[in-house]
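Scroll down for the structure; my scribbles are underneath it.
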Amino acid sequence: MPTTDGTATDRERVAERLLAASHAHAFDPITDIDWDAPLVDGAFFLPAHRVSLYGTPIWERMSERQRIDLSRHEVASMASVGIWFEVVLMQLLIRHVYDRPLTSRHVQYAFMEIAEECRHSTMFGTLIDKLDCPEYGPGPYAHMAARVMKTLGSGVQAFAMALIAEEVLDTMQREMMADESLQPITRQTARIHVVEEARHVRYARDEVARGAPHMSRTERAITRLALARAAHIIATRLVHPGVYTAVGLDADRACRAARANPHRLDALGHWSRRLIAFYDEHGLLGGPGQRLWRASGLMGRQI
Ligand SMILES: [Fe+2]
Ligand SMILES: [Fe+2]
């Protein structure tokens, strides 16, 4: 990368710092987590007030065992969506580096991030097995929509999109790692992910902040709409309808109750607060996509 270019130098400096942090705080989830430890009887896998049905009439009728089981399936559902998203991100990063100087620190950090995402995806897969849950995944529509994105997305749009899942999961997992009443296994996986994702968030935010001021009006309008569409897809796929069937509930009724649940909207709004403030700061909100943002629940009760 040419060092006479101020932007390139700044980019290299950021990557240098992130590489140093990666070397100082790296994990191997396969050996750093005690996968053989038994699950704790009676402990939730997700804070109870963050379970999608919390506080609804259905929740009130559920037994404690059923509530805990639902939290287990919801964690597994989110972990499977996490793997899907990381696969998309890894492909975006590989495409990002293809036309860049491959020995630059910026590209080396992209390789580091891909290596970390590979380990995260292995960690989430092992977690799903340990929780004895199926691979729920994001569903066929999201699977196809992301195929287009991961093949064509680039620049500000790709990095801003990466932030949707990274920022939302990060805020959610910070709560999980701090909550001592939860299952140790979900706290441990959350902690590893939070530490490593903080660097990924910095890398992506930096690319967005650098590129966003130079977008044309058309590019900005397309990006706003694409981000709104992606935010809607991701937020509405975190909890697969199959989790309700797995705990003996009617999936359609439970999905409707979760969508209308003010506690659920509070949770989504809380998890996405930082993301939305960042998008707003860089002119990535607004336009026809606002309807999708509101429907996604990520704006909380602001509907
Ligand atoms: Fe990750
Ligand atoms: Fe990441």
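Atoms within a ligand are numbered from 1 in the order they appear, just like the ligands themselves. In what follows, every heavy atom counts, from backbone to side chain, and hydrogens, waters and symmetry copies are set aside.
Vertex the Fe ion (ligand 1); arms to His193 atom NE2 and Glu86 atom OE2; angle 90° (nearest 10°). Taking the Fe ion (ligand 1) as the apex, the angle formed with OE1 of Glu117 and OE2 of Glu197 is 100°, to the nearest 10 degrees.
Each of His193, Met161, Glu197, Glu86 was scored for a side chain to side chain contact (heavy atoms under 4.5 Å, CB included) with Glu166, with one residue passing: Glu197. With Met112 as reference, His23 is the one residue of His23, Glu196, Arg199 to meet the side chain to side chain contact (heavy atoms under 4.5 Å, CB included) rule.
Between the Fe ion (ligand 2) and His200 there is an N/O/S contact shorter than 2.8 Å. Using a cut-off of 2.8 Å, one finds that Glu113 contributes no N/O/S atom close to the Fe ion (ligand 2). Distance check for Glu116 against the Fe ion (ligand 1): none of its N/O/S atoms falls below 2.8 Å.
Remark: the Tyr244 side chain and the Ser52 side chain contain an N/O donor-acceptor pair separated by less than 3.5 Å.
Looking at His120 and the Fe ion (ligand 1) together, the shortest N, O or S contact belongs to ND1. Note on Glu166: its N/O/S atom closest to the Fe ion (ligand 2) is OE2.
In this structure, Asp41 pairs ionically with Arg65, as a charged nitrogen and a carboxylate oxygen lie closer than 4.0 Å. At a threshold of 4.0 Å, the pair Asp132-Arg72 does not count as salt-bridged, since none of the basic side-chain nitrogens sits closer than that to a carboxylate oxygen.
Atom CZ of Arg174 has more than 12 neighbouring heavy atoms from other residues, nucleotides or ligands inside a 6.0 Å radius.
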